[in-house]
Every structure is written in structure tokens, then in C-alpha cells.
Amino acid sequence: MLNIRIEKTQNPKPIPGEDNPLKFGTIFTDHMFIMNYETGKGWHDPRIVEYQPIVLEPSAMVFHYGQEMFEGLKAYRTDEGNVLLFRPDKNAERAMNTNRRICIPEIPAEDFVQAVKELVAVDNAWIPTRPGTSLYIRPFIIATDPFLGVRPSDTYQFIVICSPVGAYYPEGLNPVKIWIEDDYVRAVKGGIGEAKTGGNYVASLAAQVKAHDEGYSQVLWLDGVERKYIEEVGAMNIFFKINGTVVTPKLNGSILPGVTRNSVIELCKHWGLPVEERKVSVDELVEAAKTGALEECWGSGTAAVISPVGHLRFEDNVMQIKDGGIGEVSQKLYDTITGIQLGKVKDEFGWTVQVK
Ligand code: COI
């Protein structure tokens, strides 16, 4: 249990009004959580202070070798005025897997969740309530040793910031267009693909720019070895409904184990839909699109929630899904997951955690 010192700001910022579009990730709340680490001393000095710039040496290791991790989760306000988090224990668990992979000292899961809960409680007035909005929470850890050699740092900062957000994609719940990338790759088994670390996202940028220039929202990655099997989209995991079965790539070491991905699988199974986690080749998709067996496609992620995909392109093959409309399973998943998150749908799985 952390003993968190709270120093509230003397200069609170105006909270955005309900008419603010809350473009994803552009507005930040009044406070942030910080805790330091030093070898020999461990994690220490947990505090909630005014949201402010951080001062680091230009030689800080994070700037040179990218030793950093991050997480993403959301807080919601229910109609009764309660504040709920969605599966924060899953984020804490994944965070520690990431830490192990990139040699960052672990933080006990209960301390991770406590830091998030206390910050959200302090800034709870910033949780927006318009449909489709929430408070996005971004915990991250950076390596801060002033040193230019390559090794794990001896000092770190664990920081949590919050941002009131609307939809991740400007399309909202309208289906997005996705480009299946056949040249660049995101990750390979044995690399860092299953860790939530900035390196995976910087690896995606060149392909994302190329896809944007072609009029596509995001890139769908193929495996880095055979360039044949579907992995994930830039900011979400991917699902298909093929001949009545919900299919998603099996976690193989290079795919991010999404919290929303896991929730989608559990919900679909609960509804009695057949679910397969397995290898899905791009050829299978092209064929399924041709025969009409590809009935639906959607992405899942904390930021994106459920994002229907209406159009996939692989080389010269253009796959139109549901005539570019929203599929029934995608809509039901979106309604159920956001319903549970907002306390409107019964939480049969015990996924929500009350903050206050
Ligand atoms: C999230 O969905 O929370 C993520 O971290 C994806 C991010 C690239 C926005």
C-alpha cells in the first residue's frame, strides 16, 4: 500500500464543457501522479501534484534507447455519480509483463491500481459524461539515468496522467478503412511485440503515414517472418466473423494482449458464439471476402473500444465488409462493453472497480 502525498494545485484549469469535442489525447487534467525509483532504494516518494512539465537531463536514457513502458485505461461516471474503472488489474498485470521484458523494476499490481484510483479520485470532476466520452488514463515509466551506454537504467519515474476523451477515430463508431501492410513489419516473435512500449508504435509510423496517404485510417500488420498471418492493427486487436465463427489471431509473442480483446472473447463465448483464437492467413481473408463468408470485422482496444471495419485492402484486393456498415456483433459488443463501463448493463463478470 502506497502512502501517497497529495498536493492540490492552486491554479485549477477550466474543465472542458459538454460541447467540447474532446479530440483524443489533447487535453490534460489538473494533476499527475509521480513516483521515483532508484536501485537500492526501490520505488519511493509517491505523490499527486499539479500537472506540469518534467525536467530531465538531455542524456536521460529514455531519450536514447527507448527504455519506457505505458498503459491505457479509462474511468467513467455512472448516472448515479459513481466513478468506475474497467479491469485495472488486467492493466497492472500487463504492465508488469512489459516491465519484465524491458528490464524496468516491477511495481506491485495493487500499488499500480492504487496510484490510478487516487489520481482519478482527485481529478474526478474532469470525467466527461456525454455518450462516447470517458477519462483516458495513461500510466507510463521512463528510464532517467543520465548515461549514454546501453544497459538498464538505475533510476526511473512512474507517472500517471489523465485526459478527457471522445472517440479515438474521427469516424466514431462508423466503420474505418484498414490497409493490410505487406512491406513493413511491426514485430517478430522473441522481440517486444507483446510489450506495451513506445518502440512498437514508432515502428508503425512509416506504414501508417503510407496508409493515411492512401486514405486509410490504420494499418493491419502481418507476421514478421512469413508475412502471411494477420497480427494486429496499429492501436487495436482485430476480430473477424467468418461463417458464423468469431476468429482472432492467437497470441503468439508478437501481438499485444489487449484487455478489450480478452473482454470480447469472454463476452462472445458467454453469448454462445463459437470463438477461435488461431492463425488467420491473409489469403483466407481474401477468399472469405470473395465467397461472402467474411461477415464482420472489428478492432478492439481501450482507446478505440470497438471499432467496426468496413473496408480492408491487401495489395490489389479490396474487401468491402457489410457494405461498409456496422455488423450486429460489433454493435452488440460496443453496446455491452460501454454499458458495463458506464454501469448501465449488469457487470456479470466483475470487471468494473469503483473509485468513489
Ligand atoms: C489504448 O488503446 O489504450 C492504447 O494504448 C492504444 C494507443 C496507441 C492509443
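For ligands, and for the atoms within them, numbers begin at 1 and follow the listed sequence.
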Here the pair of heavy atoms bringing Met69 nearest to Ile102 is CB-CD1, 4.1 Å
What are the two closest non-hydrogen atoms of Asn252 and Ser254, and how far apart are they?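 Smallest heavy-atom distance, with atoms named: OD1-N, 2.9 Å.
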Is the distance from the ring center of Tyr136 to that of Tyr168 below 6.0 Å?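 Tyr136 vs Tyr168: aromatic centres not under 6.0 Å.
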Under 4.0 Å from ligand 1, counting heavy atoms only, is it the side chain of Arg138, its backbone, both or neither? side chain
For ligand 1, the portion of Glu71 having any non-hydrogen atom under 4.0 Å away: neither
Of Tyr216, Phe314, Trp221, the one forming a ring-ring contact (aromatic ring centres under 6.0 Å, His included) with Trp179 is Tyr216
Mark up the atoms of ligand 1 that fall under 4.0 Å of a heavy atom belonging to Gly72, in ascending order. 3 (O)
Using a strict 4.0 Å cut-off to heavy atoms of Phe70, name the atoms of ligand 1 that fall inside it. 5 (O)
Any N or O of [X] that comes nearer than 3.5 Å to an N or O of ligand 1?
| X | answer |
| --- | --- |
| Ala303 | yes |
| Tyr168 | no |
| Tyr136 | yes |

Quick one, Glu181 with Lys210, criterion salt bridge (charged side-chain N to carboxylate O under 4.0 Å, His left out). Give me CA distance, side-chain angles, the key distance, then yes/no. CA-CA 10 Å; Glu181 176 60 36; Lys210 185 171 91 175; 3.0 Å; yes
Considering non-hydrogen atoms of the protein only, which is the closest contact for atom 8 (C) of ligand 1, and what is the distance?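 Closest protein heavy atom to atom 8 (C) of ligand 1: Tyr201 CE2, 3.6 Å.
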Shortest protein heavy-atom distance from atom 5 (O) of ligand 1, along with the residue and atom involved: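 Here the closest protein heavy atom is Lys196 NZ, 2.9 Å.
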Lys/Arg-Asp/Glu bridge criterion (N-O < 4.0 Å) met for Asp145, Arg151: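 Salt bridge present between Asp145 and Arg151.
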Take a 6.0 Å sphere around CZ of Phe28 and say whether it holds more than 12 heavy atoms from other residues, nucleotides or ligands. yes
